[in-house]
Amino acid sequence: MAFDFLRRLPIPQEIREQMPLSATMAQKKREFDQTVAAIFRGEDPRKLLIMGPCSADREDAVLEYMGRLAKVAEKVADKLVIIPRVYTNKPRTKGTGYKGLLHNPNPLAGDDLLEGIKAIRHMHLRVIEETGLFTADEMLYPSNYQVLNDLLSYLAVGARSVENQEHRLVASGVPYPVGMKNPTGGSMSVMLNSIYAAQQPQMFIYRNWEVKTTGNPLVHAILRGYIGSDGRTHANYHYEHLERLFENYTTDTYINPTVIIDCNHDNSGKRPLEQIRICDEVLDSMHRSSKVAHLFRGFMIESYLEDGNQPVDGGVFGKSITDACLGWDKSERLIYDIAARL
């Protein structure tokens with residue numbers, strides 16, 4: 001049992017310099033990030049949709065999806081700001097299987113981490129440059145986030161990572177919103193502690209550097225459901241859950257208390273078509289309660305070209321090889337329906 005050090009990889013700055021974002025899009029990103037920040041601060045009344053495949057597994061299918069999404073985003077821009085999910089790292093409950101494009105640039109080929117690092121940046125760059133949309137990813141590995149830090153406009157910390165000290169500390173220095181999911185066991189206090197820690201200035205060791213952060217006031221909650229002691233999935237997006245969150249997530253302790261509802265995962269029981277109903281119910285709650293309306297900032301939706309999912313070697317273009325997703329036709333209708341209700 002030992003580490004086998006295979007090779008030294010380029011540092012993130014070197015990767016960014018080799019594969020730069022254009023100056024035009026860098027300026028547009030700064031403007032877009034200000035818009036998203038204004039939504040979380042309550043200065044812009046629009047809502048967010050963080051939407052896309054469970055796993056961004058292949059560039060051609062992802063680009064096809066994002067091109068369609070960009071056209072719809074223009075039509076609903078007065079009500080919704082869309083940030084596409086380009087999730088290139090995938091947590092695995094048992095630590096095996098497909099771990100995302102970072103680990104498997106070609107899911108059917110062997111691992112090559114350097115190729116994977118370049119592949120994830122290349123995909124994000126293409127989405128931004130070709131569609132004008134700015135992307136979201138999951139901070140599964142805090143030390144790797146720097147490879148994409150000039151491209152992303154949103155980061156999520158997953159249910160398995162939210163208690164991790166390094167995730168919290170790194171989130172405190174991210175210059176755009178970071179969503180903290182409730183853990184798989186459902187504890188709201190764990191999620192809120194993570195938000196509090198990431199909103200504070202921190203000093204720690206990161207990538208062999210002593211670093212200091214200012215704290216991130218745009219760190220916020222994501223409710224994604226949980227697994228109960230009975231082993232079954234349970235939702236936490238209902239009216240009473242949101243009101244309870246409001247009572248504990250207050251401005252005397254937290255900056256910009258806000259929540260995104262993750263409509264899949266344990267909230268849907270991994271039944272992707274339920275995401276449509278969940279959006280309807282949350283919007284009902286928002287219109288019914290000023291408390292819910294005060295917190296709510298948008299939805300996270302798992303969506304791809306085709307409904308459902310398939311094995312890694314399934315071969316269906318635009319169909320998820322991880323969690324099942326809502327297909328494009330239903331996704332497009334859902335976006336328009338959400339915009340109409342806002």
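Residue numbers count from 1 along this sequence.
The local environment of CD in Glu210 is sparse, with at most 12 non-hydrogen atoms from other residues, nucleotides or ligands closer than 6.0 Å. Other residues, nucleotides and ligands contribute more than 12 heavy atoms inside 6.0 Å of the NZ atom of Lys79. At most 12 heavy atoms of other shown residues, nucleotides or ligands fall within 6.0 angstrom of atom CG in Asn208.
At a threshold of 4.5 Å between side-chain heavy atoms, the hydrophobic network of Ile, Leu, Val, Met, Phe, Trp and Tyr places Leu102 and Ile11 in two separate groups. Val190 and Val259 fall within a single hydrophobic cluster, where Ile, Leu, Val, Met, Phe, Trp and Tyr side chains are chained together by heavy-atom contacts under 4.5 Å. With hydrophobic clusters built from ILVMFWY side chains whose heavy atoms lie under 4.5 angstrom apart, Tyr65 shares a cluster with Leu125. Following chains of ILVMFWY side-chain contacts shorter than 4.5 Å, one cannot reach Ile227 starting from Val157, and the two form parts of different hydrophobic clusters. Following chains of ILVMFWY side-chain contacts shorter than 4.5 Å, one cannot reach Phe246 starting from Ile255, and the two form parts of different hydrophobic clusters.
For the pair Glu274 and Arg277, the salt-bridge criterion is met [side-chain N within less than 4.0 Å of a carboxylate O].
For the ring-ring contact (aromatic ring centres under 6.0 Å, His included) test with Tyr226, the passing option among His241, His234, His265 is His234; the others fail. The only member of Tyr196, Tyr254, Phe40 that meets ring-ring contact (aromatic ring centres under 6.0 Å, His included) when paired with His220 is Phe40.
Between the side chain of Lys330 and the backbone N or O of Ile276 there is no donor-acceptor pair closer than 3.5 Å. A donor-acceptor pair is defined here as one N or O able to donate and one able to accept, closer than 3.5 Å; such a pair exists between the side chain of Arg121 and the backbone of Met19. Distance alone, capped at 3.5 Å, is enough to place a donor-acceptor pair between the Lys29 side chain and the Leu152 backbone. Looking at Gln202, its side chain never comes within 3.5 Å of a backbone N or O of Lys212 through a donor-acceptor pair. In this structure, the side chain of Asp307 engages the main chain of Gly327 through a donor-acceptor pair within 3.5 Å. Without hydrogens or angle criteria, Glu302 side chain to Asn264 main chain gives no donor-acceptor distance under 3.5 Å. The closest donor-acceptor contact from the side chain of Asn267 to the backbone of Ile261 lies at 3.5 Å or more, if one exists at all.
Taking every heavy atom of both residues into account, Ala171 and Val219 meet most closely at O-CG2, 4.2 Å. Of all heavy-atom pairs spanning Leu80 and Ile335, the tightest one is CD1-O, 3.8 Å. The two residues Asn182 and Ser187 have their closest heavy-atom pair at CB-O, 4.3 Å.
Using cut-offs of 30° and 60° for the angle between ring planes, the Tyr206 and Phe204 rings count as perpendicular.
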Inset, instruction - Check the pair Met191, Leu245 against side chain to side chain contact (heavy atoms under 4.5 Å, CB included), reporting the backbone distance first and the verdict last. - result: CA-CA 11 Å; Met191 178 185 69; Leu245 179 62; 4.0 Å; yes
Legend entry - Glu129 and Ser22: CA distance, side-chain angles, deciding distance, side chain to side chain contact (heavy atoms under 4.5 Å, CB included) verdict: CA-CA 8 Å; Glu129 298 283 3; Ser22 70; 3.0 Å; yes
Legend entry - side chain to side chain contact (heavy atoms under 4.5 Å, CB included) between Ile222 and Val162, intermediate numbers included: CA-CA 11 Å; Ile222 302 177; Val162 72; over 6 Å; no
Legend entry - Derivation of the side chain to side chain contact (heavy atoms under 4.5 Å, CB included) call for Thr35 and Arg46: CA-CA 10 Å; Thr35 296; Arg46 290 178 292 176; 3.3 Å; yes
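For His167 and Tyr145, the gap between ring centers reaches or exceeds 6.0 Å. Aromatic ring centres of Tyr304 and Trp328 lie farther apart than the 6.0 Å criterion allows. Between Phe134 and His124, the distance from one ring center to the other does not fall under 6.0 angstrom.
For the pair Arg333 and Tyr336, the NZ or CZ position fails the cation-pi test of under 6.0 Å to the six-membered ring centre and within 45 degrees of the ring normal.
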